[in-house]
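Structure record follows, encoded as structure tokens.
Computed from heavy atoms alone, side chains included, the values below leave out hydrogens, waters and symmetry copies. Keep in mind the model is a prediction, meaning the values are calculated, not measured.
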Amino acid sequence: MPIDRAALTRHPFRNLRRRLALAVLLGAAAALPLASCGAGDSGGSAGERRMMAGFGSGSGSYRLSSPYGSFLAARHARELNDNTAAANYYMRALKEDADNAMLAQGAFLALLADGRVAEAVALTPALRSHNPADYLPRMTQAAAQMLARDYDGVLKLVADGPSGGIHAAFNPLLAAFAHAGKNEGDAALAQLQKLERHPLLAGVHAHLKPLLLDLLNRPEDADAAYRDAIEGRDRAGTRLVEAYARFLERQNRRDDARQLIAEQLEQNPDNPVLMHAARRLEANSSQPAEPLLGNAVDGLAEAMFASASAMGRSDGGELAEVHLQLALFLRPDLDEARMLLGDIYESRERWEEALTMYSKVSAASAYAESAQLRSAWSINELGRTDEAIRILRNMAKADPKSPRPLLTLADLHRSAERWSDAVKEYTAALERIPKHEARHWPIFFGRGVSHERSKNWDKAEADMLKALELQPDQPLVLNYLGYSWVDMNRNLERGTKMIERAVALRPNDGAIVDSLGWALYRQGRYDEAVVQLERAVELKGGDPVITDHLGDAYWKVGRREEARFQWRRALGLKPEQELAIQVQRKLDNGLDPLAKN
């Protein structure tokens with residue numbers, strides 16, 4: 001049987017590293033189409049030009065000069081996730097029908113999604129007049145008022161508007177930083193305190209409290225709040241750690257700042273923000289670091305970023321993206337928001353938008369290398385592979401100590417099934433790492449997968465065993481190595497135990513449950529195999545290999561018609577050619593070469 005490793009032979013380790021890297025944005029702290037992030041120019045987006053070329057022709061066409069034609073074009077652009085075109089068409093329709101609330105709402109949402117917040121602000125009075133309780137227009141108007149330092153306007157907006165539902169969560173954030181802008185510290189803290197036990201924003205409260213105290217110039221209270229938020233946690237929010245280190249510098253406690261960063265680096269050695277902070281502290285500059293929040297506007301931007309991070313983890317959908325756009329509207333230098341937006345775009349395969357966002361990250365930012373790496377990946381996904389490789393090789397040459405460009409290059413080769421090239425880059429990356437530690441297990445695993453797919457099993461096995469030595473309870477490695485042994489009829493007992501351990505660690509992973517079922521099958525324990533394989537199909541029903549395995553097990557226990565049904569189903573799931581040939585043979589002959597249909 002072929003091993004179904006589709007998820008592993010593309011870029012699982014890059015995705016794993018991407019998720020780990022994202023954790024540095026806040027640490028413990030989608031229905032809307034994704035933005036293209038660039039302001040719409042008068043020439044229109046590529047999608048807009050394509051639509052203009054064909055939208056006005058044919059007997060069923062609508063004239064773009066009419067509001068309805070522009071509305072249809074806008075709807076079509078939204079379906080294509082081209083928010084630049086959608087916003088332009090909605091605005092064109094709105095010029096012809098200025099009192100149409102539906103057009104105004106569509107234009108407003110498309111403009112926000114496209115990052116054109118200033119243009120969206122102009123539509124908020126009409127939208128609020130139509131529906132005073134609508135959350136997004138109120139939040140957008142408040143952001144514009146904060147940017148204009150109209151703190152009384154923000155407080156009036158909060159006082160005059162609704163206070164229930166989602167407003168109960170975000171009114172306190174608006175009011176807290178409006179009061180902070182007016183130097184009304186007690187009122188600001190009282191507003192923020194309302195979120196301490198909020199089911200979604202309690203973590204945001206914990207993140208913002210020390211930052212707000214720092215902004216209000218209450219050093220003793222800020223110090224205590226920073227320590228309360230950071231101490232005793234395995235990995236505190238990196239952004240908060242950086243803020244505390246900056247605070248300690250300003251309090252002439254540079255040694256304490258160095259110790260804080262050193263302790264955090266022990267737990268998170270590859271964190272780019274912590275490494276950036278360590279380099280700054282080592283420079284011994286006479287000029288202390290600036291505080292993370294310079295003013296109340298920065299504070300609301302931080303609140304938007306923190307709430308977006310919280311909502312992102314809770315499937316916040318459109319609000320997470322809009323809050324990030326508002327954060328960048330308030331604070332254009334907030335690279336953390338750009339990285340998180342880029343990650344959202346990547347997760348939805350919106351590579352152009354991701355590339356646009358990463359390209360705006362400052363070269364002086366702690367995230368500069370990460371943004372370059374992820375830009376290269378986006379470029380590769382857009383089909384410009386040679387350009388992506390060139391970027392990564394230049395990065396590797398420019399910084400001979402960093403393994404990250406080589407690891408990204410290895411993942412890129414593996415995604416294209418260039419296994420020998422992947423092995424070469426993994427090996428080069430490992431040579432740049434002086435001491436191989438537990439966190440490096442994905443590199444050995446990735447190289448092991450590449451060796452295995454290159455039919456070099458001895459080296460693959462050695463890398464898998466090394467990965468397990470570094471991380472003994474890693475379910476991906478336990479499953480891959482255990483399955484490989486079982487599939488080759490080698491080390492059956494040990495391989496089965498490894499798979500059983502992987503299932504215990506990840507009981508709802510259909511691929512791992514399938515491995516256990518297949519291990520039982522290879523040992524002739526067919527009834528037990530059926531139980532596990534049926535569950536694997538329930539967990540991951542669209543997998544042709546798992547479906548094929550269940551067919552084999554059914555055949556062995558005498559359930560011949562059900563076996564053929566599963567094999568036909570496996571073929572319908574479009575397996576790789578080698579598996580398709582084997583499944584067709586079984587449909588023709590069963591598992592017994594002499595059997596007939």
Side-chain angles (χ1 to χ4, degrees), residues 5-22 24-25 33-38 45-47 80-82 270 272 335 338-363 365 367-400 402-430 432 442-443 445-454 476 576:
R5 305 260 173 67
L8 292 176
T9 57
R10 293 186 185 119
H11 41 83
F13 314 115
R14 174 193 163 269
N15 286 339
L16 175 64
R17 285 194 289 275
R18 178 164 65 86
R19 289 195 299 273
L20 294 176
L22 250 223
V24 311
L25 296 179
L34 295 175
S36 69
C37 308
S45 68
L80 296 175
N81 290 313
D82 186 345
D270 297 323
D335 285 332
R338 288 196 173 88
M339 294 298 293
L340 189 52
L341 261 175
D343 183 75
I344 291 172
Y345 299 152
E346 276 196 71
S347 70
R348 300 181 185 182
E349 299 185 354
R350 299 301 310 280
W351 304 111
E352 288 281 8
E353 289 84 350
L355 181 58
T356 298
M357 196 55 62
Y358 294 142
S359 69
K360 293 182 179 180
V361 172
S362 167
S365 170
Y367 296 102
E369 184 189 37
S370 296
Q372 280 187 285
L373 293 172
R374 291 162 72 170
S375 291
W377 192 272
S378 298
I379 288 169
N380 177 65
E381 293 292 337
L382 289 166
R384 293 146 55 188
T385 300
D386 291 343
E387 181 182 350
I389 291 174
R390 183 167 60 253
I391 290 170
L392 293 169
R393 292 209 181 283
N394 288 339
M395 289 180 68
K397 184 177 180 180
D399 186 356
S402 175
R404 296 180 72 197
L406 296 174
L407 290 174
T408 303
L409 191 54
D411 287 344
L412 187 153
H413 285 310
R414 192 181 61 253
S415 73
E417 300 187 2
R418 295 189 291 266
W419 308 114
S420 59
D421 289 335
V423 167
K424 177 182 176 183
E425 301 303 339
Y426 280 128
T427 301
L430 285 168
R432 292 188 173 193
I443 307 175
F445 186 27
R447 191 172 69 172
V449 169
S450 302
H451 276 310
E452 186 268 336
R453 299 294 281 186
S454 300
L476 288 177
E576 293 182 2

Review point. Just by distance, do the side chain of Tyr358 and the backbone of Arg338 share a donor-acceptor pair under 3.5 Å?
Key: no

Review point. Closest heavy-atom contact between Ser375 and Ser359?
Key: OG-N, 4.3 Å

**Study point:** Which residues share a side chain to side chain contact (heavy atoms under 4.5 Å, CB included) with Ala422, sequence neighbours left out
**Key:** His413, Arg414, Tyr426, Ser450

Point to revise | With Trp351, the side chain to side chain contact (heavy atoms under 4.5 Å, CB included) member among Leu382, Asn380, Thr356, Ile379 | key: Leu382

Practice item. Under the side-chain hydrogen bond (donor to acceptor under 3.5 Å, both in side chains) rule, collect the residues that match up with Thr427, sequence neighbours excluded. Key: Arg447

Review point. Of all heavy-atom pairs between Ala354 and Ser378, which one has the smallest distance, and what is that distance?
Key: CB-OG, 3.8 Å

Exercise for review: Working to the nearest 0.5 Å, report the span between OG1 of Thr385 and CG of Leu412.
Suggested key: 6.0 Å

Exercise for review: Kindly write out the residues that satisfy side chain to side chain contact (heavy atoms under 4.5 Å, CB included) with Arg390, not counting sequence neighbours, or none if the list is empty.
Suggested key: Glu387, Asn394

Review point. Hey, are Arg393 and Glu425 close enough for a salt bridge, meaning a charged N less than 4.0 Å from a carboxylate O?
Key: yes

Revision key, fill the gap. The reported gap from CZ in Arg418 to OG in Ser454 (rounded to nearest 0.5 angstrom) is 12.5 Å

**Study point:** Smallest separation among heavy atoms of Met357 and Tyr345, with atom names
**Key:** CE-CE1, 4.1 Å

**Study point:** Ile391 vs Leu373 side-chain heavy atoms within contact, under 4.5 Å
**Key:** no

Exercise for review: Quick one: do Trp377 and Asp411 satisfy side-chain contact (heavy atoms from CB on, under 4.5 Å)? Show the steps, please.
Suggested key: CA-CA 9 Å; Trp377 192 272; Asp411 287 344; 3.7 Å; yes

Exercise for review: Could you tell me which residues satisfy salt bridge (Lys or Arg N to Asp or Glu O under 4.0 Å) with Asp270, sequence neighbours excluded, listed by chain and number?
Suggested key: Arg439

Exercise for review: Check step by step if salt bridge (charged side-chain N to carboxylate O under 4.0 Å, His left out) holds for Asp343 and Arg374.
Suggested key: CA-CA 9 Å; Asp343 183 75; Arg374 291 162 72 170; 3.2 Å; yes

Study note, to complete from the structure: Sorted by chain and number, sequence neighbours left out, side chain to side chain contact (heavy atoms under 4.5 Å, CB included) with Gln372 holds for Met395

Check your understanding: Hey, are the side chains of Leu341 and Lys360 touching, using non-hydrogen atoms and a 4.5 Å cut-off?
Key -> no

**Study point:** Leu406 versus Ala396, closest heavy-atom pair with distance
**Key:** CD2-CB, 3.9 Å

Review point. Quick one: side-chain hydrogen bond (donor to acceptor under 3.5 Å, both in side chains) partners of Ser402, sequence neighbours excluded?
Key: Glu369

**Study point:** Partners meeting side chain to side chain contact (heavy atoms under 4.5 Å, CB included) with Ser362 (sequence neighbours left out)
**Key:** Asp335, Ala364, Ser365

Exercise for review: Nearest 0.5 Å please: distance from the OG atom of Ser347 over to the CZ atom of Arg350.
Suggested key: 11.0 Å

